[in-house]
Amino acid sequence: MRLILLGAPGSGKGTQSQKLVERYAVPQISTGDLLREAREKGSPLGLQAKVAMDAGKLADDSIVLAIIRERLAQPDTANGFILDGFPRNLAQADALGAMLKEIGQPIDAVILMQVDPDVLFRRLTGRRTCKECGRIFNIYTSPPGTLPHCDRCRDRPVLVQRPDDNEDVIENRLKVYTAQTKPLIEYYEKLKLLRRIDAEGSVDEVFARVERVLAATLAHAAKT
Ligand code: AMP
């Protein structure tokens with residue numbers, strides 16, 4: 001299964017990707033995570049992306065595309081993948097389309113996670129990530145203790161807040177989403193790949209909606 005999760009920052013793409021990884025055993029490919037990793041390692045691409053990331057702007061397409069190309073070449077993507085936070089503008093979507101055509105792996109569906117802007121803001125300011133295992137918590141809606149046991153952090157998550165989850169940068173990220181990423185809705189609608197879901201409610205409620213959409217998509221693909 002090859003999926004794109006599309007939605008504003010805070011719409012739950014990362015959280016739902018983690019659930020999809022468990023359910024379908026395909027990797028999550030988050031360009032945000034890959035860029036943060038590259039930055040932490042001090043790689044030239046990561047350091048170049050840092051300025052844009054700290055300001056809540058998009059990193060250069062050339063950097064992101066180089067990272068994605070390398071990631072999609074890994075053998076664990078052979079049975080599919082979940083793209084989280086990529087593509088984020090029309091140029092990236094075109095480049096992805098060309099890349100997947102080259103390797104004969106077309107996208108099955110693009111799931112648009114729809115969330116009210118006020119809810120997004122609260123999700124982003126409340127978001128915390130465990131430094132050890134990468135699980136995403138929210139101090140308002142899913143605080144530590146509400147998620148199952150994890151071997152890596154032994155249920156003692158080391159919670160950190162992303163530096164770009166502060167109010168000024170959040171505002172910028174939401175503006176960038178509206179200006180540059182939202183046009184992808186129409187782009188994928190024209191390609192008949194877009195599936196909209198209401199992404200408000202609990203993690204499990206949203207996941208149930210994601211699964212319903214996927215079941216319908218896979219059933220339709222099996223018929224054609
Ligand atoms: P995320 O973790 O998806 O919220 O991404 C965090 C930051 O990484 C974004 O605000 C951008 O600065 C950068 N980033 C992530 N994905 C992309 C992308 N596809 N294109 C450009 N910049 C990206």
Side-chain angles (χ1 to χ4, degrees), residues 2-18 20-21 27-72 81-100 107 110-113 115 117 119-131 134-138 159-185 187-188 199:
R2 290 174 294 272
L3 282 184
I4 294 175
L5 293 191
L6 183 62
S11 59
K13 301 184 297 296
T15 304
Q16 293 301 321
S17 295
Q18 289 179 351
L20 286 164
V21 168
Q28 167 195 15
I29 301 182
S30 153
T31 40
D33 285 349
L34 292 171
L35 288 168
R36 277 184 287 278
E37 242 172 62
R39 199 180 59 184
E40 268 157 40
K41 278 190 202 147
S43 86
L45 288 186
L47 295 175
Q48 272 180 53
K50 183 182 180 323
V51 179
M53 292 173 83
D54 288 347
K57 295 183 182 160
L58 294 188
D60 277 359
D61 289 345
S62 59
I63 297 176
V64 177
L65 291 172
I67 282 181
I68 274 285
R69 192 176 283 281
E70 194 185 318
R71 184 64 187 86
L72 286 177
F81 46 78
I82 298 147
L83 291 175
D84 157 14
F86 177 87
R88 249 175 156 106
N89 62 27
L90 292 168
Q92 292 181 9
D94 281 341
L96 173 69
M99 242 183 258
L100 296 181
I107 290 293
V110 177
I111 298 186
L112 175 64
M113 317 264 299
V115 177
V119 177
L120 289 177
F121 207 79
R122 194 172 149 82
R123 282 192 184 170
L124 289 166
T125 50
R127 174 162 65 185
R128 302 290 184 275
T129 309
C130 173
K131 224 174 131 182
R135 279 184 305 170
I136 301 165
F137 296 86
N138 188 291
L159 296 187
V160 289
Q161 185 174 30
R162 277 173 42 175
D164 57 347
D165 276 346
N166 76 64
E167 294 195 7
D168 290 343
V169 181
I170 288 172
E171 229 169 81
N172 254 346
R173 289 161 63 206
L174 294 175
K175 277 189 198 149
V176 166
Y177 173 76
T178 303
Q180 301 198 46
T181 311
K182 254 188 161 174
L184 294 181
I185 297 174
Y187 180 98
Y188 285 117

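Sequential numbering from 1 along the given sequence is applied to the chain's residues. None of the values given here were measured: they were computed from a predicted structure. Atoms within each ligand, like the ligands themselves, are counted from 1 in listed order.
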At what distance is the nearest protein heavy atom to [atom], and which residue and atom is it?
atom                    : result
atom 16 (N) of ligand 1 : Thr31 OG1, 2.8 Å
atom 3 (O) of ligand 1  : Arg88 NH1, 3.0 Å
atom 22 (N) of ligand 1 : Ala59 N, 2.9 Å
atom 8 (O) of ligand 1  : Met53 CE, 3.5 Å
atom 12 (O) of ligand 1 : Lys57 O, 2.5 Å
atom 20 (N) of ligand 1 : Gln92 NE2, 2.9 Å
atom 14 (N) of ligand 1 : Leu35 CD1, 3.5 Å
atom 4 (O) of ligand 1  : Arg162 NH2, 3.0 Å

Exercise. Going by the atom numbers of ligand 1, which of them fall below 4.0 Å from some non-hydrogen atom of Arg36?
Worked result: 2 (O), 6 (C)
Sub-4.5 Å side-chain heavy-atom contact between [X] and [Y]:
X      : Y      : answer
Leu124 : Pro9   : yes
Arg128 : Arg162 : no
Ile111 : Met113 : yes

Exercise. Where's the contact between Arg173 and ligand 1, heavy-atom distance under 4.0 Å: side chain, backbone, both or neither?
Worked result: side chain
Problem set entry | ligand 1-proximal atoms of Val64, by part, heavy-atom distance under 4.0 Å | side chain
Exercise. Is the shortest side-chain N to carboxylate O distance from Arg39 to Asp54 below 4.0 Å?
Worked result: yes
Problem set entry | Carboxylate-amine/guanidinium contact Asp61 Arg88, below 4.0 Å | no
For this session: Could you tell me whether some N/O pair between Gly85 and ligand 1 is separated by less than 3.5 angstrom?
Result: yes
For this session: For ligand 1, find out whether one of its N or O atoms is nearer than 3.5 Å to an N or O atom of Asp164.
Result: no
Seminar exercise, completed: Between the CD atom in Gln48 and the CE atom in Met53, the distance rounded to the nearest 0.5 Å is 13.0 Å
Exercise. Going through the checks in order, is the salt bridge (Lys or Arg N to Asp or Glu O under 4.0 Å) test met by Asp164 and Lys57?
Worked result: CA-CA 10 Å; Asp164 57 347; Lys57 295 183 182 160; over 6 Å; no
Exercise. Given Ile29, which of Ile4, Ile67, Leu72, Ile82 fulfils the side chain to side chain contact (heavy atoms under 4.5 Å, CB included) condition?
Worked result: Leu72
For this session: Give a yes or no on whether Gln161 atom CD has more than 12 heavy-atom contacts from other residues, nucleotides or ligands under 6.0 Å away.
Result: yes
